[in-house]
Amino acid sequence: MTSSAPEPASSASESIGRAARSRGRGRRGPVQLELCSLLDIEPKLGDGLTEDERTLAAGSCRNPLTSVRAGTWTLAPRPDRLGFLIVDGIVCRELALVDRRSLELLGAGDVVSPICEPEWPQLGGEGCVTAVTDVLAMALDTGLIQAAARWPSVLVALQRRIDAQRTRLSIQALIVHLPRADQRLLFTLWHLASRWGRVTPHGVVIPLQLTHDLLGKLIAARRSTVTLAVRRGERDGWLTRREDGLWVLTGEAEALTRTLGQTRSAPSSGHSLMLRQRANELITTTHALQASARQAGQRSPRR
């Protein structure tokens, strides 16, 4: 990501979103709009299809668009629905534990699903889904999935989208383990920029109104700590803020991220866990054999 290219043009899904939102404007609550093809909204889902297959799939994989006004979005779990594919807009999905909140920001091309009841209520606080902006989405229900099943590559591409979201959330969780707040801020903003950033001649603009309080929730820090981290970023030249409140990462941010983000060689935690599990299994097996030998010795007749 460099800071010399112009801002990208609007995608097809954004164009569809603006047109459909204008027809749903002024209505309260989620509103169903006209039918639309899944592959018209997300053409990349059909990358594994031939031209003829794409035409057939586009005609079969259709569902109404749903318009959701900015505000709380009540998504109740349903057995016949995977979730919603976001066509346009920004959605915040969050969970709370004690006085902490984890935030997941979703946008066009992402899948937003209902927050399920936790298996262990003691560790699960309240969860909510908020439409940060007016949102346009398509329900991924069983009818649409069954239609798409005729072309497995479409479902594989959709699953990869969901896996990419999980990876982004894992990276976000990993960042908060860094010891220094200014580094957590740098990596968090760069992580957001990789998904939302607009490249301009002055740097990468993050088109999200992120206050110090919201940044604190994202990097697991108090507001005062965030303020100090922001000042350090501005002093070191990798962070600026525009008059409209949007953050801008400069070229120095990219260079610093590359330098600090080099992963040091370390043993795999999964491999270590595997060895511990195997050792425990051997110990358990040894104890079982010893107990069996003792029982056999007790049963054997004495001479």
Non-hydrogen atoms of Ser37 and Ala58 that approach each other most closely: OG-O, 2.9 Å

Hydrophobic cluster membership, Leu85 vs Leu49, 4.5 Å side-chain cutoff: yes

CD on Glu254 to CH2 on Trp238, rounded to 0.5 Å: 14.0 Å

Joint hydrophobic cluster, Leu218 plus Leu174, side-chain heavy atoms closer than 4.5 Å: no

Minimum-distance pair of heavy atoms, taken over all atoms of Ala57 and Leu39: CB-CD1, 3.7 Å

Whether Thr285 side chain and Glu281 backbone form a donor-acceptor pair below 3.5 Å: yes

Derivation and outcome, salt bridge (charged side-chain N to carboxylate O under 4.0 Å, His left out), residues Arg160 and Asp163: CA-CA 5 Å; Arg160 285 175 178 166; Asp163 289 342; over 6 Å; no

Worked verdict on Leu192 versus Leu210 for side-chain contact (heavy atoms from CB on, under 4.5 Å): CA-CA 11 Å; Leu192 292 173; Leu210 298 171; 3.6 Å; yes

Side-chain heavy-atom pair Arg81, Thr142 within 4.5 angstrom cut-off: no

Over all atoms of both residues, closest heavy-atom pair of Thr240 and Thr250: CG2-CG2, 4.3 Å

Candidate pair Trp196 and Ile90, rule side-chain contact (heavy atoms from CB on, under 4.5 Å), full reasoning: CA-CA 10 Å; Trp196 306 93; Ile90 302 173; 3.8 Å; yes

Validation row: Thr286, Gln290 side chains within 4.5 angstrom (heavy atoms): yes

Interatomic spacing from SG in Cys36 to CZ in Arg62 - rounded to 0.5 Å: 7.0 Å

Backbone of Thr188 reached by a side-chain donor or acceptor of Gln172 within 3.5 Å: no

Same apolar cluster: Ile171 and Leu215, side chain cutoff 4.5 Å: yes

Donor-acceptor pair, side chain of Thr72 and main chain of Thr130, under 3.5 angstrom: no

Close side-chain approach of Arg222 to Thr225, heavy-atom, < 4.5 Å: yes

Hydrophobic cluster membership, Ile41 vs Leu155, 4.5 Å side-chain cutoff: yes

Charged N-O contact under 4.0 Å between Arg161 and Glu42: yes

Worked check of side-chain contact (heavy atoms from CB on, under 4.5 Å) between Thr66 and Leu136: CA-CA 6 Å; Thr66 299; Leu136 192 71; over 6 Å; no

Nearest-0.5 Å distance that lies between atom CD1 in Ile219 and atom CG in Leu178: 10.5 Å

Results of side-chain contact (heavy atoms from CB on, under 4.5 Å) for Val91 - residues two or more places apart only: Trp73, Ile86, Leu106, Val112, Val129, Val135

Gap between atom NE2 of His212 and atom CG of Leu185 - 0.5 Å precision: 8.5 Å

Beyond-backbone contact of Val230 with Trp247, side-chain heavy atoms, under 4.5 angstrom: yes

Single-linkage hydrophobic cluster, 4.5 Å side-chain cutoff, Leu228 and Leu239 together: no

Sequence neighbours excluded - salt bridge (Lys or Arg N to Asp or Glu O under 4.0 Å) pairs with any residue from residues 205-217: Asp213-Lys217

Heavy atoms of other groups near Glu51 CD, more than 12 under 6.0 Å: no

Nearest atoms (heavy-atom pairs only) where Arg184 meets Ala221: NH2-CB, 3.7 Å

Greater than 12 external heavy atoms within 6.0 Å of Arg241's CZ: yes

Met138 vs Leu38 side-chain heavy atoms within contact, under 4.5 Å: yes

Gly216 to Val226 - nearest heavy-atom pair and separation: CA-CG2, 3.5 Å

Cationic N near anionic O, under 4.0 Å, Arg168 to Asp110: yes

Shortest non-hydrogen contact between Gly89 and Thr133, atoms and distance: CA-OG1, 3.3 Å

Backbone N/O of Ala96 and side chain of Arg101: donor-acceptor pair under 3.5 Å: no

Sub-4.5 Å side-chain heavy-atom contact between Asp134 and Val68: no

Leu82 and Ile162, any side-chain heavy atoms less than 4.5 Å apart: yes

Carboxylate-amine/guanidinium proximity below 4.0 Å for Lys44 and Asp47: no

Arg235 atom CZ, over 12 foreign heavy atoms within 6.0 Å: yes

CD1-NE2 distance between Ile175 and His191, expressed to the nearest 0.5 angstrom: 5.5 Å

Evaluation steps, side-chain contact (heavy atoms from CB on, under 4.5 Å), between Ile115 and Arg93: CA-CA 8 Å; Ile115 297 175; Arg93 191 173 185 269; 3.7 Å; yes

4.5 Å side-chain heavy-atom contact, Trp151 and Cys61: yes

Between CG on residue Leu246 and CD1 on residue Ile206, distance to nearest 0.5 Å: 9.0 Å

